[in-house]
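Just the heavy atoms: all of them, side chains too, but no hydrogens, waters or symmetry mates, feed the values below. Along the sequence shown, residues are numbered consecutively beginning with 1.
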Amino acid sequence: MYEYDDEEEGGRSTGRIVGVIVGVVALALIGFFVLQSRGGGDDDSTSGSLNPAAAAASASSTEETVGTEPSDSPQSAGTTKSSLATGDSVATGAGDDESTTTTEADVTTTAAPTTTAAPPPPPPTTAPASTTPALYDTLPDGSPAPVLAIFDVSQITLTGAVTDQTAKDKLQALAIANAKPGQDAAVANLLTINPAVPTNVGVRVVELTSVRFPEGSAEVLPPHALELDRIAAIMNALPNITVLVIGHADQRGDEAANYAISAARADAVVNYLVSAGIAPSRLSSRAVGENDLLTLNNDDAALALNRRTEFVIAGLLQP
């Protein structure tokens with residue numbers, strides 16, 4: 001007859017229960033690790049089971065990969081992209097703010113520095129032209145207005161400004177020495193002294209008694225040549241001076257024609273002085289046509305005065 005042992009049967013039952021529980025737990029752990037190895041599950045469960053030491057090592061590896069300058073090869077580029085993806089996953093899953101901040105900082109520091117081109121230097125500035133008016137009379141071109149020496153029948157008149165008393169006395173002496181007989185009977189020296197006037201101020205010579213050019217002509221006739229010999233004598237005596245010959249015409253006729261004839265008259269006088277032995281480099285000419293008339297009268301004597309040449313002598317008053 002079979003006897004039922006309660007204690008023995010109870011012990012066996014308890015053992016079976018414990019064995020079942022152990023088996024269930026073992027199966028659960030095996031399933032969990034299988035899922036873990038396959039990458040399954042959401043980020044929270046993965047992060048919760050991740051070993052903290054492994055997570056730190058993974059984050060450090062990711063930061064080193066990001067901070068390294070990328071290689072030119074495609075394989076290196078692919079590796080860098082994979083490491084960046086892993087770093088983002090670990091930083092997000094671990095919920096570690098410090099790790100995330102460090103990774104972003106490393107990415108930022110690897111960006112190429114931005115260089116700003118220096119602005120071009122400012123253009124050089126040019127000092128404005130002086131607008132201070134000259135302290136003496138000037139011509140339209142800004143040169144000093146010449147002193148005027150007028151030789152009439154019985155008088156010499158000097159006007160304008162010179163540098164000092166020495167220049168004033170010198171010009172009067174030269175005018176008397178080169179006057180025709182009777183012209184030095186009276187000398188009206190109206191020159192003023194202005195130290196600001198340059199010492200090389202020119203002297204404009206106007207001869208009212210000289211023989212003039214014929215009407216519509218630029219020919220130097222013998223009586224006229226005698227007048228020009230006085231200029232040649234002065235230039236030969238003073239080799240440092242130069243002369244500008246200015247040709248004039250009277251007020252009759254066409255303006256363009258008058259300008260042309262005045263230019264021809266100036267050139268004719270220059271050629272005569274060169275033939276008298278004056279170097280061409282010391283002579284120049286200019287035409288003014290019917291401008292700067294000596295008189296507006298229309299009688300023959302007045303018109304003859306306007307058909308003339310004048311001389312501006314430079315260097316005559318220099319020491």
#### Entry: Any side-chain heavy-atom pair of P146 and I313 under 4.5 Å
no
### Message
Is there a path of hydrophobic side-chain contacts, each under 4.5 Å between heavy atoms of I/L/V/M/F/W/Y residues, joining V201 to L238?
### Response
yes
### Shortest non-hydrogen contact between A257 and D254, atoms and distance
N-OD2, 3.1 Å
### Query
Can you name the closest pair of heavy atoms from P319 and T199 and give their distance?
CD-CB, 4.4 Å
### Task
Tell me whether I234 is reachable from V147 by hopping between hydrophobic residues (I, L, V, M, F, W, Y) whose side-chain heavy atoms are closer than 4.5 Å.
yes
Listed pairs under 3.5 Å, donor-acceptor, residues 263-276 side chains, sequence neighbours left out:
| unit_1 | atom_1 | unit_2 | atom_2 | d |
| --- | --- | --- | --- | --- |
| R265 | NE | S217 | O | 2.7 |
| R265 | NH1 | H248 | O | 3.1 |
| R265 | NH2 | P214 | O | 3.2 |
| R265 | NH2 | S217 | O | 3.1 |
| D267 | OD1 | S285 | OG | 3.2 |
| N271 | ND2 | D267 | O | 3.2 |
| Y272 | OH | D229 | OD1 | 2.7 |
| S275 | OG | Y272 | O | 2.4 |

### Task
Spell out, yes or no, whether I156 and V312 are grouped together once hydrophobic residues are joined by side-chain heavy atoms under 4.5 Å, including indirect joins.
no
### Query
Counting only N and O atoms by type, is there a donor-acceptor contact under 3.5 Å from the side chain of T309 to the main-chain atoms of G247?
no
### Task
Examine distances only and state if a side-chain atom of R212 and a backbone atom of S210 form a donor-acceptor pair shorter than 3.5 Å.
yes
### Task
Over all heavy atoms of both residues, which pair between V203 and A149 is shortest? Give the atoms and the distance, please.
CG1-CB, 4.3 Å
### Query
Do side-chain atoms of E310 reach the backbone of V205 as a donor and acceptor pair under 3.5 angstrom?
no
### Task
To the nearest 0.5 Å, tell me how far Y136 OH sits from T163 OG1.
10.0 Å
### Message
Measuring from atom CG of L158 to atom CG of L190, what distance do you get when rounded to the nearest 0.5 angstrom?
### Response
7.5 Å
### Whether over 12 other heavy atoms sit under 6.0 Å from Y259 OH
no
### Message
For the backbone of Q155 and the side chain of D152, can you confirm whether one donor and one acceptor N or O come within less than 3.5 Å of each other?
### Response
no
### Summary
Correct closest heavy-atom pair for A167 and V162 would be CB-CB, 3.9 Å
### Query
Hey, does L191 have a side-chain heavy atom less than 4.5 Å from the side chain of I193?
no
### Message
Using the rule that Ile, Leu, Val, Met, Phe, Trp and Tyr join whenever any side-chain heavy atoms are under 4.5 Å apart, tell me whether I241 and L317 fall into a single cluster.
### Response
yes
### Query
Cluster question for you: counting only ILVMFWY and a side-chain heavy-atom cut-off of under 4.5 Å, with indirect links fine, are L283 and L228 together?
yes
### Message
Going by ring-ring contact (aromatic ring centres under 6.0 Å, His included), name the pairs with one or both residues in residues 295-319, residues two or more places apart or in two chains.
### Response
none
### Message
I need the full list of ring-ring contact (aromatic ring centres under 6.0 Å, His included) pairs touching residues 169-222, with sequence neighbours left out, sorted by first then second residue.
### Response
F213-H224
### Contacts of type side chain to side chain donor-acceptor pair (under 3.5 Å), residue N306, not counting sequence neighbours
Q251
#### Entry: Nearest heavy atoms of V243 and M235, plus distance in Å
CG2-SD, 3.4 Å
When the side chains of residues 170-180 are checked against the rest of the protein, which donor-acceptor pairs come out under 3.5 Å, sequence neighbours left out?
| unit_1 | atom_1 | unit_2 | atom_2 | d |
| --- | --- | --- | --- | --- |
| K170 | NZ | L316 | O | 3.3 |
| K170 | NZ | Q318 | O | 3.0 |
| Q172 | OE1 | N189 | ND2 | 2.6 |
| N178 | ND2 | L174 | O | 2.8 |
| K180 | NZ | T209 | O | 3.4 |
| K180 | NZ | T209 | OG1 | 2.6 |
| K180 | NZ | E227 | OE2 | 3.2 |

Show me the side-chain donor-acceptor pairs of residues 286-294 shorter than 3.5 Å, one per line, residues at least two apart or across chains.
| unit_1 | atom_1 | unit_2 | atom_2 | d |
| --- | --- | --- | --- | --- |
| E290 | OE1 | N258 | ND2 | 2.6 |
| N291 | ND2 | V288 | O | 3.2 |
| D292 | OD2 | R204 | NH2 | 3.1 |

### Task
Kindly check if the number of other-residue, nucleotide or ligand heavy atoms within 6.0 Å of CG (D137) is above 12?
no
### Task
Provide the closest heavy-atom pair for A185 versus S154 in the form atom of the first, atom of the second, distance.
CB-O, 3.6 Å
### Task
For the pair N297 (side chain) and D299 (backbone), establish whether a donor and an acceptor sit closer than 3.5 Å, ignoring hydrogens and angles.
no
### Message
Within the structure provided, determine whether I246 and R308 are in side-chain contact (heavy-atom separation under 4.5 Å).
### Response
no
### Query
Could you state the interatomic distance from CG (L208) to OG1 (T295), rounded to the nearest 0.5 Å?
11.0 Å
